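Working notes for the structure below.
Everything numeric here is computed off the predicted structure, so don't read it as measured data. Below, chain A is the first sequence line, B the second, and so on; all start at residue 1.
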Amino acid sequence: MTILLLFLILSLGSFALLSKDLLHSVIALSALSMLSALMFTMLKAPDVAITEAAVGAGISTIIFVWAIRHTRRRSKD
Amino acid sequence: MSSESLFLSPVYLPLLSAAGILFIKSFCPTSIKRIAEYLGILIGLVLPLLLVLRLYPIVQNQGYIETTIGGYAQHIGIIYRFDGMSLLLILLAAAITLPAWIFSRNEGPGHSYFTALLLIQNASIAAIGMAADLFNLFVCLELMGVTAYVLIATGKKANAAYASFSYLMLSSSAMVFFLLGTFGLYNLTGSLRYEAIAMGLETLSGRNQYVAHFSLLLIIVPVLLRVAVMPLSLWLVDAHSKAPHAVSALLSGVLLKVPLFALIRIFSLSPFASSLALPISYAGAVTALVGVLLALSQSDAKQLLAYHSISQIGYIVSAWGLALHAGVTTMTGSLLLSASFFHAFSHAQFKALLFLTIGKTTDAAGNRNVYTFRGANQALRNVGERVPLTMLCFLVGALSISALPPFNGFYSKTLVTYTLKGSLHYTFLTLASVGTVASFIKLSRIFLPSKQPMVLPAVKEKNRFPVSSHLAFILLALSCLAVGLFSEQMILFITRLISSEEAQTYGSSFFFTQDNLIKTTLTVLSGIVLFALAVSRPGKYVLHLLEKRRGGFTDLFLGFATALGALALFAW
Amino acid sequence: MKRTWFIFKVIFILLVVTLAMLPVILSSHPWPVASRDYLYENALSDTGAVNTVSSIYLGYRAMDTLGETLVLLVSITGTMGILINLGRESEEEEAVSFSLAPEKRATNAQRTHLLEVVASKLGPVVLLFGFYVMLYGHISPGGGFQGGVIVASAIVFLALGTETQSKLTNTTVLGRIETLSFLVLIIVATSGVFFERGFFGNPIKSGSSLSVNFIILLNIIIGLKVGTSIAVMCIAMMGGRHGH
Amino acid sequence: MVIERILIFLLALVGFSAIVGAKNIIKKVFGLNLLNSAIVLLYILEGSRIGEQAPILGEGVTNIVDPVPQALMLTAIVIGVCVTALALALAVRLYKATGSLEIDTISARLHSEQ
């Protein structure tokens, strides 16, 4: 199960870096955070899971979206 | 108060006054805000120093004082250990932060956030000097790093943001590797405490030994990155030359050296780590030479100073590495370490002085190019300076860094080269000091009167030269002179803190031998010759080629990988 | 030519890093149990917290937490400084406002009725949940930081949802709460010095049933500090928002 | 067990390669984020090798996982997000100053300005 989750996380991470649309990357990253939070609950780390969900899927996403709104959404690579 | 709470005062008093300053800033009107800042600096910076100095006899007798934060069991809590080196680092930080802060009142980012940031940074420096716990060291290093990024980014130009961004990316991704190394050591030994790790590493065997070595490597290289030894030093130039002047002074004066001396404790974890000290010290010797050559080739005044920081760090690191190679507790080792720290201390003083004076001067004229900028005194008079104090203070700094008596640079450099005599490092460092003299002749030319009358920007109002800048210059210049004149006592003070054994005295009869004087004269003469070569046509061509080489973003990581790979090869 | 050289460099860096990381990552040493066993035996009596992670986070290794809070403070100060600079630099962008005065708010155009209703109704509930997480950190998963982040998001909801500025979404008020809680945090951390228990020592006698109150207190302060500072940053970011 | 570690290692490597190789500075920050999460995953995964229950003491809890890595990672996650916020603010500032997100263009434009 953890292997499957890790595999998903890895592919989401690669997608975030390969996508030419930065907003898609941000969504992928926040999904990645949620998946890791799920994994942390499975690994008996509820505290880390809450933090990861609040920070990774919450604040980071807000800041990333803010940065992208202020710059350009398209990336050349 | 117990000695435990006394030695932690450099951590909590600055934090307390930083919190107080922020609190008063958000609640009270402006007039009280300024008083709060002065009071905050007094309580957060000066008072802890006085308190800590009271512990000097205890440290000298016992070697160290130890406590667990919060009074929990040693096994699990965070241990802070106060020894001579911690005291010296706190002294170093306070001695540079105070003038830099005074300077920033009128020139730099002198708002109250800046004061609070300086105080928080000082607390983190004290914590780095005392922490005996791997993860706490990580947190404190990150704290110091984050304050550094923010302070660099306070520069007005976008260049500063670029410098801050590349330093941030490099340093924080390196810190992730630090975390990985911590993981490896915790996995192997089950503890984050230095003593327990050292004990746990002794019992390992076979493949686990390799894991331990690589974990140590992953911890050591990120910390060395902050020190900027040669393949890791590319980030430094941008960061130091683009930051506000007061911040530059702090960066090269304090922030480069604190991680280096904190690293001593990590090196004592395992015999493998101390075997790494020798290659690092060779890297330091090479750094000293290459750094000074690059400095000679720069046309931007602050970049020239930044390359000088790299070169001087080379001196410090080569003595430091040999000290660890010999063993800190041995006679030679402690002497080398004292020499290394003494040079670090005097370098902090004169480099801060140089950064501040050059910063002020180039700002006054709006020109930073060493080749075209002349008549700096006129420019300074234009902004309201009556007496050429800035030039005098600059000359004090330049003479110090060129190692001329009676300034501190002469004593510290002589001590370093004396302790290194007979090794390969000696040759490198002697060559480097020739380059230093040459490059400072080059830099000093900005104070020559200009031939054509200066086209000065019209002065809008009759402004007076800020007293605070002069105060900062004079404070630093006098301390350069004082450390030089009282070098005997200073060296005694440092050696007594570093090793408990009876220290030898190094009086003026040691420094003013015929050999030393001849050597100094020769260095200065060959410096002048080198300078003449450098301004000749072929010399200029070569230097121009050197200056053109500018590293990109990827090259920062290339340096990191090279250092990691070289040390890993050595580990094999 | 330049491109090949670049790729070559990247491959070299990755190769070296791989070589350096792999031995540590693939080490087959069994995980140590000593700390776990010690904590299982003593954590409850030492700090009074049922949640062992909390007792490490705010008890044994509270110094790390202090450092982390400071990192947050410094980085938010830096971010705000850059934000304000950005606002000053672009004169034509008058919409950049950090006070969130409604008429200046650039977000007004993008606000919909639906968002307002949902956000303003959801805000108080989330706020309550945030305080729950904050206060019950010692017995259940959660704690000051996590609760603080939830409180911050609740404040952001309220800021999005209500037309007029309330006390809760006023950045000056939030900033004051932030500095106050930071001051209190440092004072509480130092208080042990005067109770002869050392820096960050629990001033309440350990072993008594009251000693857990120290952790609850720290949780509340850290929660307030983190929540308000993140909320201030997010509101400033929203105030400066203007799409392309 | 080895497969999990290799997957985590690959995640870290992907993140690091983005930091080093990506042209876009926001992607570099993405890479830093990934690198950080990889290390967090590694700590938590390995820390849960011993024990079977969450580290919240109570009735019938006898075999908890190691809580130390969890507490450490709380700190590491927060530090990671702080650095991310700062890096993004710097990125926005660089974009406003140079009108580009490509690291090479930014560096070239800034140096030609001097």
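The contact between B:Tyr162 and chain D is made by backbone and side chain atoms together, counting heavy-atom distances below 4.5 Å. Within the 4.5 angstrom heavy-atom criterion, atoms from both the backbone and the side chain of D:Leu35 approach chain B. With a 4.5 angstrom heavy-atom cutoff, D:Ile79 touches chain B only via side-chain atoms. Contacts of B:Leu192 with chain D are made by side-chain atoms alone, with heavy-atom separations under 4.5 Å and no backbone atom involved. Contacts of D:Leu72 with chain B are made by both backbone and side-chain atoms, with heavy-atom separations under 4.5 Å. With a 4.5 angstrom heavy-atom cutoff, B:Ser166 does not touch chain D via any of its atoms. Heavy atoms of B:Phe165 lying under 4.5 Å from chain D belong to its backbone as well as its side chain. Heavy-atom distances place both the backbone and the side chain of B:Phe183 under 4.5 Å from chain D. In this structure, chain D has heavy atoms under 4.5 Å from both the backbone and the side chain of B:Leu179.
Counting heavy-atom pairs closer than 4.5 Å to chain B, the top residue among D:Asp104, D:Thr75, D:Leu42, D:Asp66 is D:Leu42. Chain D forms the most heavy-atom pairs under 4.5 Å with one residue out of B:Gly552, B:Ser164, B:Ala153, and that residue is B:Ser164.
Judged by distance alone, the side chain of D:Lys28 and the main-chain N or O of D:Ala22 form a donor-acceptor pair under 3.5 Å. Using modelled atom types, no side-chain atom of B:Ser248 and backbone atom of B:Ser241 make a donor-acceptor pair closer than 3.5 Å.
With sequence neighbours left out, the salt bridge (Lys or Arg N to Asp or Glu O under 4.0 Å) criterion links B:Asp555 to C:Lys9. Evaluation of the ring-ring contact (aromatic ring centres under 6.0 Å, His included) rule for B:Tyr194 yields no partner, not counting sequence neighbours.
No hydrogens or angles considered: nothing links the side chains of B:Lys302 and B:Thr362 as a donor-acceptor pair under 3.5 Å. For the 3.5 Å distance criterion, the side chains of B:Asn136 and B:Tyr80 qualify, holding a donor opposite an acceptor. Looking at B:Ser171 and B:Tyr149, their side chains do bring a donor and an acceptor atom within 3.5 Å of each other.
In D:Gln53, the CD atom is crowded: over 12 heavy atoms of neighbouring residues, nucleotides or ligands sit closer than 6.0 Å.
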